[in-house]
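See below for the structure under consideration.
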2 protein chains.
Amino acid sequence: MGIIRKTKSVTTVLQIFEEKQEAKSVVNLIEIVKDKMNKTTVYRILDRLEQDGIIHSFNGKDGLKWYAKCKGCSASHHSDKHPHFQCTECNKVECLSVEIKIPSIKNHIVDSTDILLTGQCEVCSA
Amino acid sequence: MGIIRKTKSVTTVLQIFEEKQEAKSVVNLIEIVKDKMNKTTVYRILDRLEQDGIIHSFNGKDGLKWYAKCKGCSASHHSDKHPHFQCTECNKVECLSVEIKIPSIKNHIVDSTDILLTGQCEVCSA
DNA sequence: CTACTTTCGCGACTGAGTTGCATTAACAAT
DNA sequence: ATTGTTAATGCAACTCAGTCGCGAAAGTAG
């Protein structure tokens with residue numbers, strides 16, 4: 001059970017994700033809201049939102065943790081198999097709706113799949 | 001050009017990768033060689049070995065950097081498209097030789113592909 | 001052996017993420 | 001609306017991976 005109270009901070013963070021359908025690194029988020037709330041609060045809100053399946057997280061190429069909200073997100077259907085794309089020029093990260101098939105691995109049980117593609121996005125490759 | 005001199009430290013690190021064909025996190029490596037060399041040295045050797053294509057690196061689920069030496073590694077053919085598998089029980093990481101096909105993404109140029117699978121390995125799922 | 005240059009060790013530092021605790025603010029019940 | 005409960009926040013101190021600068025040590029070529 002993540003979010004129980006709808007505080008101003010929670011609303012602020014959620015708005016950021018709803019405005020644009022793109023992923024944000026925690027560092028980036030903290031920077032955006034730095035005069036509205038403490039960094040600890042940002043970390044905690046993100047944790048709770050993720051527990052509730054409202055947003056999902058993954059690790060960027062830079063080693064930082066990134067968060068995004070996408071249509072498929074929900075508390076029940078938490079297995080996000082969609083790949084992420086990080087642009088090496090503008091550094092933006094998008095969720096891709098492409099389906100990538102993972103062959104079953106002999107003698108292994110696969111629980112989760114993290115796929116991160118890097119390259120140039122639509123804007124930067126033009 | 002990474003490695004220029006074959007020092008004792010370099011040899012020690014290389015031996016670890018040659019003994020077992022499994023990936024090691026930097027933290028783990030530092031622990032293993034902690035009374036033979038300094039942690040800064042370990043970081044620097046790994047950087048150089050990677051530049052030369054002798055080993056390759058990727059980010060684990062834990063956010064740590066992992067390194068591995070595998071057959072396909074070479075300075076020229078540096079694009080390692082093979083997936084990695086991290087066991088959620090014993091925490092070991094293996095390089096998989098499975099080929100995973102990434103569909104081309106519209107209006108995007110894909111340079112690299114990082115795939116990390118998590119689950120239970122052969123030993124732990126038995 | 002000597003001279004040159006890479007590599008190493010050490011200590012201090014950076015920056016992401018965490019923790020403990022006192023304070024504040026949601027929310028439910030009265 | 002007031003009160004009581006407890007989740008949520010702010011703050012400061014902390015942890016830990018990874019980096020940096022610099023003087024000392026060890027490779028390597030001649």
Side-chain angles (χ1 to χ4, degrees), chain A residues 1-17 23-68 75 84 86 91 93 114 116, chain B residues 1-17 23-68 75 84 86 91 93 114 116:
Chain A
M1 293 115 232
I3 295 289
I4 298 181
R5 296 181 183 178
K6 279 236 168 84
T7 62
K8 280 174 195 165
S9 302
V10 171
T11 313
T12 306
V13 172
L14 270 178
Q15 271 178 351
I16 293 170
F17 284 115
K24 298 229 176 264
S25 71
V26 184
V27 176
N28 188 204
L29 277 168
I30 290 171
E31 176 65 24
I32 293 171
V33 300
K34 72 159 175 282
D35 34 41
K36 283 179 190 152
M37 71 191 82
N38 189 274
K39 73 166 180 172
T40 313
T41 306
V42 178
Y43 279 108
R44 289 193 275 224
I45 288 175
L46 291 170
D47 276 353
R48 278 178 270 146
L49 287 172
E50 189 179 18
Q51 273 179 58
D52 284 6
I54 297 167
I55 57 176
H56 65 275
S57 73
F58 56 93
N59 296 320
K61 192 91 175 176
D62 41 27
L64 299 182
K65 209 168 183 182
W66 289 69
Y67 283 90
H84 295 101
Q86 184 160 26
N91 219 35
V93 177
D114 286 287
L116 180 65
Chain B
M1 291 118 236
I3 294 289
I4 297 183
R5 295 182 183 178
K6 280 236 168 85
T7 62
K8 280 175 196 164
S9 302
V10 171
T11 313
T12 306
V13 171
L14 270 177
Q15 271 178 351
I16 294 169
F17 285 113
K24 298 230 176 264
S25 71
V26 183
V27 176
N28 189 204
L29 277 168
I30 290 170
E31 175 65 24
I32 294 172
V33 299
K34 72 158 177 283
D35 34 40
K36 283 180 193 154
M37 71 191 83
N38 189 273
K39 73 167 179 171
T40 312
T41 305
V42 178
Y43 280 107
R44 290 194 275 222
I45 289 176
L46 291 171
D47 277 353
R48 277 178 272 145
L49 288 173
E50 188 179 19
Q51 274 178 57
D52 283 7
I54 296 166
I55 57 176
H56 65 274
S57 74
F58 55 93
N59 296 320
K61 192 91 175 178
D62 40 27
L64 299 182
K65 209 167 183 183
W66 288 70
Y67 284 89
H84 296 100
Q86 183 158 27
N91 218 37
V93 176
D114 286 287
L116 181 65

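Order of the sequence lines fixes the chain letters, A, B, ..., with proteins taken first and strands second; residue numbering starts at 1 for each chain.
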Whole-Å gap separating [atom2] ([N]) and [atom1] ([X]):
{"X": "Leu46(B)", "N": "dT19(D)", "atom1": "CG", "atom2": "P", "value": "10 Å"}
{"X": "Lys36(A)", "N": "dG10(D)", "atom1": "NZ", "atom2": "P", "value": "13 Å"}
{"X": "Met37(B)", "N": "dA24(D)", "atom1": "CE", "atom2": "P", "value": "23 Å"}
{"X": "Asp52(A)", "N": "dA7(D)", "atom1": "CG", "atom2": "C1'", "value": "14 Å"}
{"X": "Trp66(B)", "N": "dA17(D)", "atom1": "CH2", "atom2": "C1'", "value": "14 Å"}

Original post:
If every non-hydrogen atom of Lys65(A) is compared with every non-hydrogen atom of Ser57(A), which pair is closest and at what distance?
Top reply: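 Smallest heavy-atom distance, with atoms named: CE-OG, 3.6 Å.
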At what distance, to the nearest 0.5 angstrom, does [atom1] of [X] lie from [atom2] of [Y]?
{"X": "Asp62(B)", "Y": "Asn91(B)", "atom1": "CG", "atom2": "CG", "answer": "6.0 Å"}
{"X": "Asp114(A)", "Y": "His84(B)", "atom1": "CG", "atom2": "NE2", "answer": "13.5 Å"}
{"X": "Phe17(A)", "Y": "Ile55(A)", "atom1": "CZ", "atom2": "CD1", "answer": "4.5 Å"}
{"X": "Thr41(B)", "Y": "Lys36(B)", "atom1": "OG1", "atom2": "NZ", "answer": "14.0 Å"}

Subject >> Gln86(B) side chain to Gly60(B) backbone, donor-acceptor under 3.5 Å >> reply: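 Here the side-chain-to-backbone pair does not exist.
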Original post:
Are the side chain of Asp52(B) and the backbone of Ile54(B) linked by a donor-acceptor contact shorter than 3.5 Å?
Top reply: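 No; zero donor-acceptor contacts below 3.5 Å.
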Side-chain atoms of residues 24-34 of chain A: list all donor-acceptor pairs with protein atoms under 3.5 Å, sequence neighbours left out, distances to 0.1 Å.
from, atom 1, to, atom 2, distance (Å)
Lys24(A), NZ, Glu22(A), OE2, 3.3
Ser25(A), OG, Asn28(A), N, 3.1
Glu31(A), OE2, Lys34(A), NZ, 2.8

**OP:** If a protein heavy atom is under 4.0 Å from the base, mark B; if only from the sugar-phosphate, S; if neither, -; do that for nucleotides 13-26 of chain C going 5' to 3'.
**Re:** ---SBBBB----BB
**OP:** Return the angle between end axes of the helix from dC1(C)-dG30(D) to dT30(C)-dA1(D), with five pairs used per end and rounding to 10°.
**Re:**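 End axes: 30° apart.
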